[in-house]
Amino acid sequence: MRKPIEHTADIAYEISGNSYEELLEEARNILFEEEGIVLDNEEKEKTYPLEEMEDVFFDTVNDWILEISKGWAPWRIKREGNELKVTFRKIRKKEGTEIKALTYYLLKFERDGDVLKTKVVFDT
């Protein structure tokens with residue numbers, strides 16, 4: 001689940017899920033929606049560490065933003081042992097706002113029962 005939050009100059013959301021992977025899926029969904037990404041069928045894969053830490057989340061999402069700038073968008077996220085396997089698809093076009101980076105501002109994981117949540121602020 002995600003909801004936009006007011007922020008003066010950037011794009012900001014509060015996101016939550018039952019797992020670390022669900023938080024990453026929400027971040028991916030934000031990138032798709034804000035950038036207006038339309039995909040082709042060509043694919044490639046990358047793996048990432050699967051650690052429930054802000055630093056790892058920050059690095060993973062910023063790598064996705066870099067891949068988007070090169071024409072590849074994270075499409076499918078799958079846990080494989082202690083790693084996260086991400087399938088990227090070639091981008092046909094983008095029709096939205098370019099996101100330059102995820103910031104550390106407000107990025108802090110909190111548990112509320114079974115729910116993991118944080119806030120994400122993206123530079124545009």
Side-chain angles (χ1 to χ4, degrees):
M1 181 182 94
R2 69 183 175 280
K3 67 177 182 178
I5 54 178
E6 291 296 318
H7 197 268
T8 54
D10 299 313
I11 296 169
Y13 285 86
E14 180 177 303
I15 60 174
S16 62
N18 293 322
S19 68
Y20 176 73
E21 295 97 292
E22 286 185 17
L23 288 187
L24 285 168
E25 288 172 358
E26 290 297 342
R28 181 213 44 212
N29 293 342
I30 292 167
L31 294 173
F32 265 76
E33 290 172 16
E34 294 292 340
E35 294 224 13
I37 293 173
V38 178
L39 298 174
D40 263 340
N41 293 325
E42 187 179 348
E43 295 182 355
K44 71 175 187 176
E45 293 180 337
K46 286 180 87 170
T47 57
Y48 298 89
L50 187 57
E51 299 178 54
E52 189 178 299
M53 297 172 49
E54 289 91 348
D55 289 345
V56 176
F57 183 89
F58 176 85
D59 291 344
T60 299
V61 174
N62 275 314
D63 187 70
W64 293 354
I65 293 168
L66 176 63
E67 288 293 334
I68 289 169
S69 75
K70 295 182 202 176
W72 293 91
W75 178 59
R76 188 175 346 150
I77 301 167
K78 183 179 176 186
R79 174 190 286 263
E80 286 196 354
N82 293 332
E83 293 184 319
L84 194 68
K85 185 181 200 177
V86 178
T87 303
F88 291 81
R89 279 206 166 165
K90 189 77 172 157
I91 297 171
R92 182 181 311 147
K93 63 181 174 177
K94 294 191 292 183
E95 302 172 329
T97 302
E98 179 183 5
I99 292 177
K100 296 178 182 165
L102 173 65
T103 71
Y104 267 111
Y105 183 69
L106 302 177
L107 184 62
K108 182 176 182 225
F109 292 162
E110 297 176 2
R111 280 247 175 235
D112 184 8
D114 290 338
V115 177
L116 181 63
K117 57 185 174 179
T118 191
K119 294 179 179 143
V120 290
V121 179
F122 296 95
D123 282 337
T124 56

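Note that these values count all heavy atoms, side chains included, but never hydrogens, waters or copies made by symmetry. Just so you know, residue 1 is the first one in the sequence shown, and it goes up from there.
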Legend entry - Heavy-atom side-chain proximity of Thr124 to Glu34 below 4.5 angstrom: no
Legend entry - Qualifying salt bridge (charged side-chain N to carboxylate O under 4.0 Å, His left out) pairs with a residue from residues 114-124, counting only residues at least two apart or across chains: Asp112-Lys117
Taking salt bridge (Lys or Arg N to Asp or Glu O under 4.0 Å) as the definition, give me every residue that meets it alongside [X], ordered by chain and number, with sequence neighbours left out.
X	result
Arg89	Glu43
Lys46	Asp63, Glu67
Asp55	none
Glu26	Arg2

In Å, rounded to the nearest 0.5 Å, how long is the span from [atom1] of [X] to [atom2] of [Y]?
X	Y	atom1	atom2	result
Glu25	Ile15	CD	CD1	10.5 Å
Glu52	Leu116	CD	CG	4.5 Å
Lys85	Thr47	NZ	OG1	9.0 Å
Leu102	Trp64	CG	CH2	10.5 Å

Inset, instruction - Just say parallel, tilted or perpendicular for the rings of Tyr48 and Phe88, cut-offs at 30° and 60°. - result: tilted
I'd like a table of donor-acceptor pairs (distance under 3.5 Å, sequence neighbours excluded) in which one partner is a side-chain atom from residues 75-84, with atom names and distances.
residue: Arg79; atom: NE; partner: Glu21; partner atom: OE2; Å: 2.7
residue: Arg79; atom: NH2; partner: Glu21; partner atom: OE1; Å: 3.2
residue: Arg79; atom: NH2; partner: Glu21; partner atom: OE2; Å: 3.0

Inset, instruction - State plainly whether one hydrophobic cluster holds both Leu24 and Leu66, where clusters connect Ile, Leu, Val, Met, Phe, Trp and Tyr through side-chain heavy atoms under 4.5 angstrom apart. - result: no
